[in-house]
Peer 1: 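I have a structure here, written as structure tokens, and I will follow up with some questions on it.
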Amino acid sequence: MEMNVKGQEKPERGEDSLDTSLRPRTWEEYIGQEKVKNTLQIIIGAAKKRKDPLEHLLLYGNSGLGKTSLANVIAREIGSSITTCSGASLERVGDIASLLTNLAEGEVLFIDECHRLQRQAMETLYSAMEDYKLHLVIGKGPMARTMEISLPKFTLIAATTRVAVLPAPFRNRFGAVFQLSFYNQENMEEILRRSSAILGVQILPEAVSAIAQRSRFTPRVANRILKRVRDFATMEEHPVITKEAAMKTFSFLEIDDWGLEPDDRKILRAVIEKFGGGPVGIQALSALVAEEQDTILDVYEPYLLQTGLLERTPRGRIATPLAYKHLGISQKTRDLL
Ligand SMILES: Nc1ncnc2c1ncn2[C@@H]1O[C@H](COP(=O)(O)OP(=O)(O)O)[C@@H](O)[C@H]1O
Ligand SMILES: [Mg+2]
């Protein structure tokens with residue numbers, strides 16, 4: 001299946017092999033996010049010293065910023081194995097119960113997309129997180145009894161792109177919460193150099209910085225563009241990737257100087273041309289561009305907001321003057337719309 005460079009995948013989709021081979025395994029390989037790394041190193045160091053299990057951790061941030069990678073680095077750092085699952089796949093209380101009872105002492109349970117957990121499954125987690133106990137209701141009606149099962153001391157690491165929708169009782173049960181933010185140009189270049197080395201790609205510094213500039217400050221996007229650029233270079237028999245080779249790929253893929261792709265521009269244009277620049281509600285926008293609301297919220301909007309092309313107001317999204325400029329829509333046209 002073809003996936004676009006944004007890594008626009010459904011949350012339940014498994015990781016592809018590119019993600020796995022390029023995934024950082026140690027603190028040294030995990031580039032950027034220094035503040036998060038430093039705080040985590042202290043928390044982990046202290047837990048090790050006290051011989052306590054590591055506290056439950058909540059990681060949030062956009063897709064492709066390194067949540068899954070970070071969970072794996074943490075597990076490796078505390079010398080534990082990691083069991084990974086997605087919130088969407090834990091439908092029944094029984095699913096979560098069997099997962100928990102099968103954990104080993106000290107193991108890390110990584111629940112990705114935790115905002116998709118069913119309410120009952122989430123509530124089952126509460127007592128498990130709090131005192132490593134599982135409370136199950138057996139039977140129905142007046143005959144119902146609760147059964148208590150002791151669990152091994154595990155560490156839950158949960159990840160989400162949507163921290164705001166998590167119920168407070170769930171959020172409050174984490175010892176620490178970390179936000180992964182967009183990377184800077186320097187971080188992106190370092191990530192690209194590392195990925196090129198792993199993929200055995202020879203690439204010039206100008207090509208690295210050209211890709212970094214268009215990678216939406218997101219490592220997964222950078223790696224996907226790098227792979228596409230490599231494909232082009234291979235087909236054209238360029239042993240070394242130059243800036244020109246990279247630029248050719250961008251124009252073929254219709255990635256502009258800011259890393260926007262046709263779908264991003266379609267959304268911006270819709271706000272400008274169909275809604276007079278906004279404000280427009282998410283429902284109306286979603287209907288017009290025929291994209292699911294979740295996709296707009298999780299995939300397109302964060303970067304448009306980050307770049308200042310789009311603004312979110314209480315009344316809806318508005319396109320900024322920067323968006324008009326970027327799309328080459330003049331002020332005059334703007335007033336006519
Ligand atoms: N801090 C980082 N340093 C180096 N590479 C990274 C980093 N964060 C992410 N990556 C790369 O991006 C890919 C996607 O990261 P991932 O952890 O799957 O993101 P998320 O789980 O937040 O969607 C990884 O496979 C890895 O190649
Ligand atoms: Mg992930």
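Every value quoted in this text rests on a predicted model; they were computed, and no experiment measured them. Both ligands and their constituent atoms are indexed starting at 1 by order of listing.
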Peer 1: Considering only NZ, NE, NH1 and NH2 on the basic side and carboxylate oxygens on the acidic side, decide whether D298 and R162 come within less than 4.0 Å.
Peer 2: yes

Peer 1: Quick check: is I318 connected to L327 through a chain of hydrophobic side chains (ILVMFWY, heavy atoms under 4.5 Å apart)?
Peer 2: no

Peer 1: Of all the atoms in T68, is at least one N, O or S atom closer to the Mg ion (ligand 2) than 2.8 Å?
Peer 2: yes

Peer 1: Taking 4.0 Å as the limit for heavy-atom contacts, which would you say applies to S69 with ligand 1: side chain only, backbone only, both, or neither?
Peer 2: both

Peer 1: Looking at ligand 1, does any of its N/O atoms fall within less than 3.5 Å of an N/O of S63?
Peer 2: no

Peer 1: I'd like to know whether ligand 1 has Q33 as a neighbour, heavy-atom separation below 4.0 Å.
Peer 2: no

Peer 1: Within the supplied structure, the quantity of interest is the number of heavy atoms (other residues, nucleotides, ligands) at a distance under 6.0 Å from E34 CD; does it exceed 12?
Peer 2: yes

Peer 1: Taking a cutoff of less than 4.0 Å between a non-hydrogen atom of the residue and any ligand atom, is G64 in contact with ligand 1?
Peer 2: yes

Peer 1: Are Y132 and F154 an aromatic pair by the rule of ring centers under 6.0 Å?
Peer 2: yes

Peer 1: Ignoring hydrogens, just give me the one of L59, N62, D112, I31 whose non-hydrogen atom is nearest atom 2 (C) of ligand 1.
Peer 2: I31

Peer 1: Do we get R173 above Y126's six-membered ring, with its NZ or CZ under 6.0 Å from the centre and within 45° of the axis?
Peer 2: yes

Peer 1: Treating Ile, Leu, Val, Met, Phe, Trp and Tyr as nodes and any side-chain heavy-atom pair under 4.5 angstrom as an edge, say whether L304 and F217 lie in one connected cluster.
Peer 2: yes

Peer 1: For ligand 1, which part of E29 has a heavy atom less than 4.0 Å away: the side chain, the backbone, both, or neither?
Peer 2: backbone

Peer 1: Using a strict threshold of under 4.0 Å (side-chain N to carboxylate O), is an ion pair present between E29 and R23?
Peer 2: no

Peer 1: For ligand 1, which atoms have a heavy atom of Y183 less than 4.0 angstrom away?
Peer 2: 1 (N), 2 (C), 7 (C), 8 (N)

Peer 1: Are any of the N/O atoms in L22 less than 3.5 Å from those in ligand 1?
Peer 2: yes

Peer 1: List every atom of ligand 1 that sits less than 4.0 Å from any heavy atom of Y30, numbering the atoms from 1 in the order shown and giving each element.
Peer 2: 1 (N), 3 (N)

Peer 1: Considering the heavy atoms of N223, write down every atom of ligand 1 situated less than 4.0 Å from one of them.
Peer 2: 11 (C), 12 (O), 26 (C), 27 (O)

